[in-house]
Amino acid sequence: MQISTTINGKTYSHDIEPRISLAHYLREILDLTGTHIGCDTSGCGACTVNLNGMAVKSCTLLAVQADGGEITTIEGMADGNTMHPIQEAFKEHHGLQCGFCTPGMVMTAADIIKNNPNPTEEEIRHGLEGNFCRCTGYHNIVKSIQHAAEKLNS
Amino acid sequence: MIPAKFDYIKASSVNEAIDLLDKHGFDAKILSGGHSLIPAMKLRLNQPEVVIDISAIPGMNTITEDGDEIVIGANCTHNEILKSDLINNELNILAQAAKTIGDIQVRNRGTIGGSLAHADPSADYPATVLACEATIVAEGKNGSRTIAAADFFQGIFTTALEDEEIITAIRFPKVANGNYQKFYQSASRFAVVGVAVVKNGDAVKVGVTGVADTPYRATAVENAYDGTSSAASHAVDGVEVMSDHFADTEYRSHLAKVYVKKALEA
């Protein structure tokens, strides 16, 4: 089936099988491997991307469902060589260890801050319910998101 | 994990979707948000030959007031429900339940119609649908009909929907005094026990999910209700309580009583 999407500002058009997930499409066909596949069962959140303004788990979305959609992946967050304030905050506040969950954490953080520009620690922790860090580095992830929110509001 | 092969059709109207369901019968499945169906297809628990996407059908994602009722389109996502001013003001218990579902990403995609049609015995909405005495609006080749909540849930993953029927909306009466209490399965965030209580004067209606293979009205609690929470001891009277590796029958029964008590006291 022919699908057309705008990903990180660029238009893509492909003829794909309906059974291909958006995560698979991004990684294997478009080579946008920043989006990670962890559990592949919509639990871990490593595959989180933004579709039409909302954080979604791309492993549980068929690419054909995203037809006509506007998608931002982790590759679309930075502005050239300038990191997005959320990425900068993760770097500054040690919000990552092995880094596997980080793309999903950053994409979910963007959704949290967009809907709640001044989230409390508790609200951030609730917001991250669908993202697992198996290094268990949640403390600094939460801290990074708090600092990112402050920076984005300043 | 990649699902078995299927054809994907995006329906542009309810009638088109019903015709497709009628044509393909048991080989077809309806897709809205996909957060129940796609995982099942990836695990190949479900291998439909045709997937009919109803998410773009106009008019199925609105939340409106109709006299004393709130009418929720089947394609409304959990996120749309928990953010709706109308639901927060007139049907707050449903917003409470929606907030407990999954996580941000799941709530951005999953829909109320999909959840009800899937009828997972640990899903959150059924308790509230039962306690509120909502009605499910289904459309099929013989037209539209409404199904009372009490008749809708018939067993594990089993509902009163006919093969070629689609849920198009859910009608809730306005509820002033209701609350939803939930004990989470900590990994999946489904309900080990979910209890919805609607109070109206001296009467109470209690819906329970997660405890039996079908969500149920705890009528023994309702009959014994005396304005206090002591009736909670009847939470599993006459109920065959589920057992799994998260909660055996004894523990789940205990949780049901505790969460009915919490909901009665809230």
Checking A/Asn140 side chain against A/Lys143 main chain: does a donor-acceptor pair fall under 3.5 Å?
no
Give me the contact list for residues 88-109 of chain A versus chain B, heavy atoms only, anything under 4.5 Å, ordered by residue number.
A/Thr108
Bottom line for B/Lys5: the part with an atom under 4.5 Å from chain A's heavy atoms is both
Rounded to the nearest 0.5 Å, what's the gap from CZ on A/Arg134 to SG on A/Cys39? Could you check?
10.5 Å
Within this structure, what is the CD-CG distance for the pair B/Gln105 and A/Leu51, rounded to the nearest 0.5 Å?
12.5 Å
Under 3.5 Å, is there a donor-acceptor pair between the B/Glu16 and B/Ser13 side chains?
no
Side chain / backbone / both / neither for A/Asp111 at chain B, heavy atoms under 4.5 Å:
side chain
For B/Ser188 and B/Phe190, indicate whether the former's side chain and the latter's backbone hold a donor-acceptor pair under 3.5 Å.
yes
Between A/Thr73 and A/Asn8, do the side chains contain a donor N or O and an acceptor N or O under 3.5 Å apart?
yes
Donor + acceptor pair across side chains of B/Gln181, B/Asn179 (<3.5 Å):
yes
Quick check: does any side chain N or O of B/Ser115 sit under 3.5 Å from a backbone N or O of B/Gly113, one acting as donor and the other as acceptor?
no
Can you say whether B/Ala56 sits under 4.5 Å from chain A via the side chain, the backbone, both, or neither, judging by heavy atoms?
neither
Test: A/Arg27 cationic atom under 6.0 Å from A/Tyr25 six-membered ring centre, within 45° of axis:
no
Hey, which of B/Pro3, B/Ser55, B/Pro39 has the most heavy atom pairs under 4.5 Å with chain A?
B/Pro3
A/Leu62, A/Thr41, A/Ile37, A/Ile20: which one forms the most heavy-atom pairs within less than 4.5 Å of chain B?
A/Leu62
Neighbourhood of chain B inside residues 114-128 of chain A, taking heavy atoms under 4.5 Å as contact
A/Asn115, A/Gly127
Sole residue of B/Ile167, B/Ile166, B/Ile18 in side-chain contact (heavy atoms from CB on, under 4.5 Å) with B/Glu139
B/Ile18
Test item: side-chain donor near acceptor, A/Glu70 and A/Thr6, under 3.5 Å:
no
Leading residue by heavy atom contact count with chain B [cutoff under 4.5 Å; candidates A/Lys57, A/Arg19, A/Glu129, A/Glu17]:
A/Arg19
Greatest number of non-hydrogen atom pairs under 4.5 angstrom with chain A, of B/Asn79, B/Asp103, B/Asp53, falls to B/Asp103
Would the distance check show the side chain of A/Asn131 and the main-chain N or O of A/Gly45 forming a donor-acceptor pair, the cut-off being under 3.5 Å?
yes
Can you tell me how far CG of B/Leu94 sits from CD1 of B/Ile170, rounded to the nearest 0.5 angstrom?
9.0 Å
So what's closer than 4.5 Å to chain B heavy atoms on A/Ser21: side chain, backbone, both or neither?
neither
Does the side chain of B/Ser32 pick up a donor-acceptor pair with the side chain of B/Asn75 at under 3.5 Å?
yes
Given a strict heavy-atom distance threshold of 4.5 Å, which part of B/Leu37 is in contact with chain A: side chain, backbone, both, or neither?
neither
For A/Met54, which atoms come within 4.5 Å of any heavy atom of chain B: side chain, backbone, both, or neither?
both
